[in-house]
Enquirer: 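Have a look at this one before I ask anything.
All ligand and atom numbering here is 1-based and tracks the order in the structure. Hydrogens, waters and symmetry mates play no part in the numbers below; they use all other heavy atoms, side chains included.
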Amino acid sequence: MADTLHDPLQRPLPDGIVPAEVVARTEKRWLTVMVTLLAVMMAIVVLMGVAGAVRPPSNVETIDPTTLHLGGEFAESNLGTAQEPDGSLTVRLVAGQYGFAPECTKVAVDTPVKFRLTSADVVHGFLLPSTNVNTMVVPGFIADVRTRFSRPGIYRMPCNEFCGAGHHGMWARVSVVPKDEFQPLKPTERTSCVQQ
Ligand code: CUA
């Protein structure tokens, strides 16, 4: 006859040891919490993508980075802010070690603005704080991001992708001006923030 006190399965648990069924119950609760958290986070990603227009940089347009300056969309004369027939604005920028060209460009407030960027050398980043704009600028590809500025002011755009020794100094600006101030500007004045 087995002595129940010497059978380890029958022995009462010493103080401080949590019984198996309590552990199982706690684990199930944590699992529920984790699955709920995952579901909430996935829902936020989908919601922000649809309602907040925060999108991954999924635009796939290619361009030869070695001939940017020779002509085409990113030739020097095309850079900066251009007005489309529908009144929206398109800003074309070239990122390169260690600056954006042009360094400052003007846009109108409360107007749809599309930024089209490409890189002449390595991967750079393009971030406009307090807007939905944040994209990588990859040589060989055109990044296409859209936004609308609700307040006038100077928006600093730092390169947010490490691109070399001068990365920390790679900044440019967007100057958002009232609509009535923007309209009379000549094309060259829209692409520079120098006071005329
Ligand atoms: Cu360009 Cu960092």
Enquirer: Would you mind telling me which of Leu185, Val177, Thr105 makes a side chain to side chain contact (heavy atoms under 4.5 Å, CB included) with Arg190?
Expert: Leu185

Enquirer: Quick check: closest heavy atoms across Met157 and Leu93, and the distance to 0.1 Å?
Expert: CE-CD1, 3.7 Å

Enquirer: Taking side chain as C-beta onward, heavy atoms only, is Ile142 less than 4.5 Å from Leu117?
Expert: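 Answer no - side chains too far apart.
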
Enquirer: Flag the pair Glu103 and Arg173 as a salt bridge only when some basic side-chain nitrogen lies within less than 4.0 angstrom of an acidic carboxylate oxygen.
Expert: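 Yes, Glu103 and Arg173 are salt-bridged.
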
Enquirer: Under a 4.0 Å threshold between the charged nitrogen and the carboxylate oxygen, would Glu61 count as salt-bridged to Arg116?
Expert: yes

Enquirer: Closer than 2.8 Å to atom 2 (Cu) of ligand 1: does that hold for any N, O or S atom in Cys163?
Expert: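 Yes.
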
Enquirer: With a cut-off of 2.8 Å, does Gln97 put an N/O/S atom close enough to atom 1 (Cu) of ligand 1?
Expert: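 Within the cut-off used here (under 2.8 Å), Gln97 places no N, O or S atom near atom 1 (Cu) of ligand 1.
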
Enquirer: Tell me which N, O or S atom of His167 sits nearest to atom 2 (Cu) of ligand 1.
Expert: ND1

Enquirer: Look at the N, O or S atoms of His124, main chain and side chain alike, and state whether any lies under 2.8 Å from atom 1 (Cu) of ligand 1.
Expert: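 Coordinating: yes.
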
Enquirer: Looking at Glu161, which of its N, O or S atoms is the nearest one to atom 2 (Cu) of ligand 1?
Expert: O

